[in-house]
Amino acid sequence: MLYWFVRVVLLVPVFRWLFRLRVEGAEHIPATGSAVIAGNHLSFCDQFLTATVTSRKLTYLCKKEYFTGRGIKGVLTRGFFRGCGQIPVDRSGKGAGRAGVEEGLKVLCSGELLGIFPEGTRSHDGRLYKGRVGVAAMALEAGAPVIPCAVIGTFEAQPTGRRLPRPAPLTIRFGAPLDFSRYAGMEESREVLRAITDEIMYAIMKLSEQEYIDRYAAEAKAQGSVAGQNGPTAGPRGPVAVGLPN
């Protein structure tokens with residue numbers, strides 16, 4: 001009940017009316033059954049934007065820090081994220097990646113929609129970065145299709161560091177479902193997980209039309225990466241740790 005209240009009363013009016021939201025490919029989201037919605041991550045508002053355009057409940061894995069604040073602000077933040085269908089995950093320690101996978105599998109095994117950002121953190125410069133293999137592990141273990149999606153315009157509307165988004169036209173595109181059943185039983189293979197993840201990132205790149213950087217976003221951000229620093233870039237391979245909102 002809280003999820004639908006937050007979605008209908010708070011999120012839909014903001015994104016659909018104030019930001020002139022345009023949706024493309026919504027027909028690719030299945031009416032029933034589990035599926036992973038994997039998208040690019042440009043802004044804090046991305047997961048909330050996606051939730052406004054899916055007729056079904058969409059659950060995202062979220063860093064636990066959003067649920068541990070103190071005082072009135074902590075209570076309000078915790079209530080808002082829970083109302084938006086977010087699930088807290090501890091990203092510290094060696095078992096953090098597997099913990100995120102387990103939480104995601106609970107959602108998928110319940111026949112629900114799971115949202116994830118394979119990059120693992122927001123892009124600091126608007127480019128698309130290498131995906132982490134947690135998305136592949138969850139899709140393969142749950143036997144769920146992956147719906148690639150791209151948000152366009154949120155980097156300009158609410159870049160990292162900006163508290164509130166500025167009015168701007170936003171677009172969200174969903175691509176055709178990606179079926180990885182041909183890899184069933186191969187979820188222990190790192191090479192298979194990498195190939196699946198690269199295929200997902202390739203689909204996202206085609207939808208978003210972003211420049212692709214074959215490095216993890218967190219590493220590039222930490223090292224102060226600049227455009228062109230590592231020479232020419234190329235898209236991830238086509239067909240041949242869990243990303244959490246940040």
Side-chain angles (χ1 to χ4, degrees), residues 2-30 35-63 66 76-77 79-88 104 107 112-129 131 135 146-177 200-201 203-210 217 243-246:
L2 180 59
Y3 174 86
W4 296 110
F5 174 81
V6 172
R7 179 182 183 274
V8 174
V9 176
L10 297 179
L11 299 183
V12 170
V14 171
F15 286 114
R16 285 190 176 274
W17 302 338
L18 183 59
F19 294 98
R20 293 172 288 165
L21 179 60
R22 178 178 178 179
V23 183
E24 302 174 5
E27 67 276 8
H28 293 306
I29 301 174
V36 178
I37 295 182
N40 58 338
H41 198 13
L42 296 169
S43 170
F44 175 78
C45 65
D46 292 336
Q47 59 264 43
F48 310 119
L49 168 65
T50 310
T52 66
V53 301
T54 55
S55 58
R56 300 171 57 192
K57 181 179 179 180
L58 177 59
T59 300
Y60 273 93
L61 302 181
C62 181
K63 62 182 182 180
Y66 289 130
L76 293 176
T77 300
F80 176 74
F81 275 86
R82 283 177 177 162
C84 293
Q86 316 287 296
I87 295 178
V107 175
E112 300 177 12
L113 297 178
L114 175 70
I116 188 170
F117 300 119
E119 291 169 276
T121 188
R122 281 172 279 177
S123 172
H124 62 289
D125 58 9
R127 298 184 292 178
L128 184 68
Y129 284 84
V135 61
V146 176
I147 314 296
C149 76
V151 291
I152 300 169
T154 56
F155 185 77
E156 293 74 20
Q158 190 183 22
T160 300
R162 184 179 178 85
R163 287 184 174 274
L164 297 174
R166 62 171 68 93
L170 304 178
T171 299
I172 181 166
R173 293 173 180 158
F174 295 95
I200 293 169
M201 298 309 295
I204 294 172
M205 183 186 71
K206 296 293 286 185
L207 291 171
S208 68
E209 300 180 351
Q210 290 171 272
L244 303 178
N246 188 2

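We count residues from 1, following the sequence as given.
- The minimum heavy-atom distance between Ile204 and Ala150, with the atom names listed, is O-CB, 4.3 Å.
- Separation of atoms OH (Tyr60) and CG (Leu114) is listed at 8.5 Å; rounding is to 0.5 Å.
- Using a 4.5 Å heavy-atom threshold, the side chains of Val23 and Phe174 count as touching.
- Note that SG of Cys149 is 11.5 Å distant from CD1 of Ile116, once rounded to the nearest 0.5 Å.
- Side-chain contact between Leu58 and Gln47: absent, with no pair of heavy atoms (C-beta onward) separated by less than 4.5 Å.
- Distance OG/Ser123 to CD/Gln210: 6.5 Å, rounded to 0.5 Å.
- Side-chain contact check for Pro177 versus His28: some heavy-atom pair is nearer than 4.5 Å.
- In this structure, the side chains of Phe117 and Asp46 come closer than 4.5 Å at one or more pairs of heavy atoms.
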| request: Start with the C-alpha distance between Leu128 and Met201, add both sets of side-chain angles, then the distance that settles side chain to side chain contact (heavy atoms under 4.5 Å, CB included), and finish with yes or no. | output: CA-CA 8 Å; Leu128 184 68; Met201 298 309 295; 3.8 Å; yes

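- Note: Ile147 CD1 to Leu113 CG = 8.5 Å, rounded to the nearest 0.5 Å.
- Residues Pro30 and Arg56 are in side-chain contact: their nearest non-hydrogen atoms beyond the backbone lie under 4.5 Å apart.
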| task | Before giving the answer on side chain to side chain contact (heavy atoms under 4.5 Å, CB included), spell out for Ile29 and Val53 the whole-Å C-alpha distance, their side-chain angles and the decisive distance to 0.1 Å. | result | CA-CA 10 Å; Ile29 301 174; Val53 301; 5.6 Å; no

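- Under the 3.5 Å distance criterion, the side-chain polar atoms of Asn40 are matched with a main-chain donor or acceptor of Val151.
- For His124 and Phe155, the gap between ring centers reaches or exceeds 6.0 Å.
- With sequence neighbours excluded, the residues satisfying side chain to side chain contact (heavy atoms under 4.5 Å, CB included) with Glu112 are Thr59, Val107, Ser110.
- The shortest heavy-atom contact between Leu42 and Arg122 is C-CG, 4.2 Å.
- At least one side-chain heavy atom of Ile172 sits less than 4.5 Å from a side-chain heavy atom of Thr50.
- For the pair Glu119 (side chain) and Tyr129 (backbone), a donor-acceptor distance under 3.5 Å is present.
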| message | One pair to check against side chain to side chain contact (heavy atoms under 4.5 Å, CB included): Ile200 and Val135. What are the steps and the verdict? | response | CA-CA 9 Å; Ile200 293 169; Val135 61; 4.0 Å; yes

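- Listed for the Arg173 side chain is a donor-acceptor partner under 3.5 Å among the backbone atoms of Leu207.
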| request: Go through Ile37 and Thr54 one step at a time and tell me if the side chain to side chain contact (heavy atoms under 4.5 Å, CB included) criterion holds. | output: CA-CA 10 Å; Ile37 295 182; Thr54 55; 4.3 Å; yes

